[in-house]
2 protein chains.
Amino acid sequence: MDKRELLLEAATKLFVERGLHATPTSAISKEAGVSAGILFHYFKTKDDLIDKLYVSIKKEYTSYILHDLEKVNSDLGKLRLLWSNSWNWALDNSLKYKFLMQFDNTSASERVKNHPEIIAKYEMFGTLIQEYINKELIKNVDLTFLMASMMGLITSMVTYLTQFPEKRQDQVFIEQAWEMYYNYLKP
Amino acid sequence: MDKRELLLEAATKLFVERGLHATPTSAISKEAGVSAGILFHYFKTKDDLIDKLYVSIKKEYTSYILHDLEKVNSDLGKLRLLWSNSWNWALDNSLKYKFLMQFDNTSASERVKNHPEIIAKYEMFGTLIQEYINKELIKNVDLTFLMASMMGLITSMVTYLTQFPEKRQDQVFIEQAWEMYYNYLKP
DNA sequence: TTCTTAATTGACTAATCACTCAACAAATGT
DNA sequence: ACATTTGTTGAGTGATTAGTCAATTAAGAA
């Protein structure tokens, strides 16, 4: 398997488990089952690894949010899919999601937020949301706020469903979750 | 001024600014304007400092949430104060709040979450919320979920109001914020 | 005042850690 | 086949850093 990928995976696990400061690069390469030196073949520095990891996860997340969207016709249906994509990804990738949350609260994320590919996804997402706002399907709030609130609600879900995983199958719960979200957004 | 306090303040600032892993203890003592050695007089290790910082901030936050609650009569008024206390504190202490967010997403927080004083505050908060649930003032969800969702919504606010601070004075906005929260919680 | 304890300093040390590099292996191209 | 690039290793290095400690000062008690 691709060693770069192995390294990123190992790093995600250890960073969330121990925190950035308590995870030496040697631990990462050990966890990944590769030599210590190879890490610096794929990543210039430790900070570079961290930045690349952030970008890669953020890209995966933002891509998944828009996933299968064209298969739905109605606007409300699209919005609902947007939302469920978002929290399904978070639940299926809780480690990665936790890393995002952790890193987003550091100024270090400023270094990296302006990455072109992420900006592109945001813009796509942004025009879509703007369309919904124009159609008065949702409240007129700025995109940052909307993303942040989505993340906020999803974080609650992830926390909750990590504790009670069986609830995730519950159709009533899913419906409630959606209502909660939409209540929050509708004009 | 108390040097222990100075150290904790400096640490908060630097941790949020640079992240835990990029903040040496020497930088903390320098920022605090004290000698390098004194840090280890007040804190056994760097991790001990981090843990103590977390507990101290969490204590301050949970205390402030319950602040002035006895001055309000109606249940709904109390709930509203609970909420506004919570986000006012977060906005007035955004550095501390960001540190909490950052650290809560690390397993390191497990070491420290069971601190008796924090648990005590949670219990107080918990019985209060249980009362509201019994009175059917709010939905019957578990406390973890409720706290998490509150944090989630507040995080959105903090993100938003950091960008547009002038909105904070806006009465309409405050009213909307409350409605959003209550919509989310009412049965 | 004198004695005892606590606070404070900063040079020092032992350990850790990010990162290098020379050597080798594998793949790729010609 | 040979040459060239690319991937991989792990021991080694220099810098950084967490944490110590002997010495000094300040505070409190008697």
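Everything numeric in this text was worked out from a predicted model, so none of it was measured. Note on naming: letters A, B, ... go to the chains in the order of the sequence lines (proteins, then strands), and numbering restarts at 1 for each one. Side-chain atoms are counted along with the backbone in the values below, which use heavy atoms only and exclude waters and symmetry mates.
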Practice prompt. Show the numbers, then the answer: is there a side chain to side chain contact (heavy atoms under 4.5 Å, CB included) between A:Phe43 and A:Leu7?
Written response: CA-CA 10 Å; A:Phe43 308 98; A:Leu7 281 165; 4.3 Å; yes
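- If you take CZ of A:Phe40 and P of C:dC19, they are 5 Å apart, rounded to a whole angstrom.
- Screening residues 145-165 of chain B for salt bridge (charged side-chain N to carboxylate O under 4.0 Å, His left out), with sequence neighbours left out, gives no hits.
- Heavy-atom distances under 4.0 Å link DNA chain C to no residue of residues 8-32 of chain B.
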Donor-acceptor contacts under 3.5 Å from residues 87-97 of chain A side chains, at least two apart:
residue	atom	partner	partner atom	Å
A:Asn88	OD1	A:Arg168	NH2	3.0
A:Asn88	ND2	A:Ser84	O	3.1
A:Trp89	NE1	A:Glu60	OE2	3.2
A:Asp92	OD1	A:Arg168	NH1	3.1
A:Asp92	OD1	A:Arg168	NH2	3.3
A:Asn93	ND2	A:Trp89	O	2.8
A:Lys96	NZ	A:Glu60	OE1	2.8
A:Lys96	NZ	A:Glu60	OE2	3.3
A:Tyr97	OH	A:Met151	O	3.1
A:Tyr97	OH	A:Thr155	OG1	3.3

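- Partners of A:Lys139 by side chain to side chain contact (heavy atoms under 4.5 Å, CB included), not counting sequence neighbours, listed by chain and number: A:Val141, B:Met180.
- Chain A approaches DNA chain D within less than 4.0 angstrom (heavy atoms of the protein), and the contacting nucleotides run 5' to 3' from D:dG7 to D:dG10.
- A:His41 is linked by a ring-ring contact (aromatic ring centres under 6.0 Å, His included) to nothing, counting only residues two or more places apart in sequence or in another chain.
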Return the polar atom pairs (N/O with N/O) between nucleotides 4-9 of chain C and the protein under 3.5 Å, or none.
residue	atom	partner	partner atom	Å
C:dA7	OP2	B:His41	NE2	3.1
C:dT8	OP2	B:Tyr42	OH	2.5
C:dT9	OP2	B:Ser35	N	3.0
C:dT9	OP2	B:Ser35	OG	3.0
C:dT9	O5'	B:Ser35	OG	3.4

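- The list of salt bridge (charged side-chain N to carboxylate O under 4.0 Å, His left out) pairs with a residue in residues 3-29 of chain B, not counting sequence neighbours, reads B:Lys13-B:Glu31.
- Qualifying side-chain hydrogen bond (donor to acceptor under 3.5 Å, both in side chains) partners for A:Tyr160, counting only residues two or more places apart in sequence or in other chains: none.
- Within the structure, ring pair (Phe, Tyr, Trp, His ring centres under 6.0 Å) pairs that include any residue of residues 104-138 of chain A do not occur (at least two apart or interchain).
- One interatomic measurement links the two molecules: CG of A:Leu39 to P of C:dC19, which rounds to 9 Å at whole-angstrom precision.
- For residues 70-90 of chain B, the salt bridge (charged side-chain N to carboxylate O under 4.0 Å, His left out) pairs, not counting sequence neighbours, are B:Asp68-B:Lys71, B:Asp75-B:Lys135, B:Arg80-B:Glu175.
- A salt bridge (charged side-chain N to carboxylate O under 4.0 Å, His left out) check over residues 36-56 of chain B, counting only residues at least two apart or in different chains, returns the pairs B:Asp48-B:Lys52, B:Asp51-B:Arg111.
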